[in-house]
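Just so it is clear, the values below take in all heavy atoms, side chains as well, and ignore hydrogens, waters and symmetry mates.
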Amino acid sequence: MLWVALELPSLPLQVAERAGASQVPLVISEGPAQRPFVACANEAAREAGIREGQAVAAAKALAVDLRVQARDPGAERETLERLAAWAGQFTPMSCIDGQGIALEVESTLRLFSGHAKLASAIRRGVLELGLHAKLGIAPTPLAARVFARAEARGLQVRSCLAQGELRERLANLPIFLLEWPEKTLARLTDLGVVRLKDILELPAEGIARRFGPEITLGLDRLMGRIADPREPYSPPPRFRSRLELPAQADGVEALLFPLRRMLAEFEGAMRGRGAGAQRLFLALEHGRASRTRLTLDFASAEREADFILSIARERLGRLTLAAPTIALELRAEALLPYVPRESTWLPGAREQAIDRDRLVERLAARLGRGRVFGIALANDHRPERNWKVGAKRARGELVPNVEGARPAWLLHRPVKLVEEEGRPGCQGPLEMIAGPERIEAGWWDGEEVSRDYYVAANSRGETFWIFREHHGAQAWYLHGVFA
């Protein structure tokens, strides 16, 4: 087996700044309400001299414009759950592990052409989510996590792909990377056991007797001597993501950056399920329970972040916000099977249909659905009535079968033709090529027609669709022109 561990350093701060880095000093506080201390500090706060572990009161003395945000373990857990759901696109075995996630990737290495390209895709994808992660690769999940934690602390580490090289790669790493109880780590340090190679050389019986069996059990799992089963994360049947903005956004353009990160998360989560959504709900929170709600509808299930963002940009551009936006929420209540688009040199009918659907959706987003129409066949044999203007025809809708030739250009009203020696003419005498085709309809609505239609051409090669009326004077009329 091969595991990839992702460690998210300063996770509480990453949760707070995922929508964008704060330009003012920001700290995450925890501890007693009377004496909170700094758990994490952003770059602006560190430049002001604020350090982790410092009292919040002392930190405020160093930066008068300091923002203090209480740590939210629930939000951190939710972030890790959404990250595990997003990572499902790389492997079905994705689980939450400490301050990060762990992925079993042995079965999917060939799909990504090796561990190097897979690791690169994971790193790139995590950055698109607005997060920062350090990766560790090893044959056991615990060893991969140790490597990831070591890299997060700036230690020199090398990925390990083979079980036989694991002991050598772990040997010089400090034991505190195992996250054992502080009391246990302090006792080991007093004994001069500071690196993993030091404790691996000690007899297992003595370690279990002095420090407890859970320590030897952890070492066996670290080295792969016993199994370390993990439970894969099972995402909920719906999708929901919420981001608080680092500052109030007065316009729509400022919302596109955090929205792009939310859609990247949505796309990754849907790839892991082989699903998409035909309807997305976007809510812009303005404070005091005030919201602007937007519904994004698609002709078929979609998940591609770039396409959805292009639709959302058009829809948001037509909005006038009554108040600044402080947070975004994206929801998909119904997840549907997604049929991926195939990249082909010569696109077939299915690819062209998808392109047409997306063009209609972009036009509707820009102009409004009430201003984009299609032309569809109507259930009427009268040529001027067998088409209708309306929404784009749904897939699978039955339309009437029309027999005979039909011109590409149908006149809005038939034009009466001049007869020459008993024959109809249009820029010269017309010669009948095909016909007659009898059309009799409309008796039920008071607009009855009784006509014989012909395809006719003149000496110049122009082809027309003409008919002769059976009522009244039985005159000839021009009704359409063939290309």
Side-chain angles (χ1 to χ4, degrees), residues 299-300 344-364 366-367 369-483:
S300 58
T344 57
W345 181 51
L346 295 175
R350 178 176 165 274
E351 289 78 11
Q352 293 176 0
I354 293 176
D355 289 338
R356 286 195 300 270
D357 290 341
R358 290 192 164 185
L359 174 61
V360 170
E361 287 164 0
R362 285 193 174 99
L363 291 174
R366 174 169 295 186
L367 304 176
R369 290 199 173 273
R371 298 183 179 181
V372 178
F373 301 96
I375 298 178
L377 293 178
N379 193 13
D380 198 315
H381 288 282
R382 290 168 289 186
E384 60 269 28
R385 289 176 172 264
N386 69 358
W387 60 275
K388 60 183 178 181
V389 175
K392 189 177 183 298
R393 180 167 55 89
R395 294 193 182 101
E397 179 184 336
L398 297 178
V399 297
N401 196 11
V402 179
E403 300 290 343
R406 292 293 183 268
W409 179 14
L410 188 70
L411 302 184
H412 184 62
R413 288 190 180 88
V415 176
K416 189 175 182 179
L417 296 176
V418 176
E419 295 187 35
E420 300 177 2
E421 299 179 358
R423 296 172 56 189
C426 184
Q427 300 184 16
L430 295 177
E431 181 180 352
M432 307 303 173
I433 299 176
E437 177 189 350
R438 176 66 59 87
I439 294 180
E440 292 184 342
W443 52 267
W444 56 86
D445 60 8
E447 297 185 19
E448 182 180 0
V449 299
S450 179
R451 304 167 180 169
D452 282 339
Y453 277 86
Y454 297 84
V455 178
N458 60 19
S459 59
R460 301 168 58 178
E462 298 170 328
T463 308
F464 307 99
W465 199 41
I466 65 175
F467 69 86
R468 187 171 190 177
E469 185 68 69
H470 285 279
H471 296 300
Q474 299 185 353
W476 289 91
Y477 292 86
L478 171 66
H479 205 171
V481 180
F482 289 91

Could you check if a side-chain atom of [X] sits within less than 4.5 angstrom of a side-chain atom of [Y], using non-hydrogen atoms only?
X      : Y      : value
Arg451 : Pro383 : yes
Trp465 : Val481 : no
Pro424 : Ile466 : yes
Ile439 : Tyr453 : yes

Of all the heavy-atom pairs spanning [X] and [Y], show the shortest one and how long it is.
X      : Y      : answer
Gln474 : Arg468 : O-NE, 3.1 Å
Cys426 : Asn458 : O-ND2, 3.1 Å
Ser450 : Glu469 : O-OE2, 2.8 Å
Pro407 : Gly480 : CG-CA, 3.8 Å
Ala456 : Leu430 : CB-CB, 4.0 Å
Glu419 : Ala475 : OE2-CA, 4.5 Å

### Message
Counting neighbours of CD on Glu431 that are heavy atoms of other residues, nucleotides or ligands and sit closer than 6.0 Å, is the number greater than 12?
### Response
no
### Task
Say whether His479 and Arg413, considering side chains only, have a donor N or O and an acceptor N or O under 3.5 Å apart.
no
### Query
Angle class for the Tyr477/Phe467 ring planes (parallel below 30°, perpendicular above 60°, tilted otherwise)?
parallel
### Query
Are the aromatic rings of Trp476 and Tyr454 close, with centres under 6.0 Å apart?
yes
### Query
Does Arg438 pair with Asp452 as a salt bridge, N-O distance under 4.0 Å?
yes
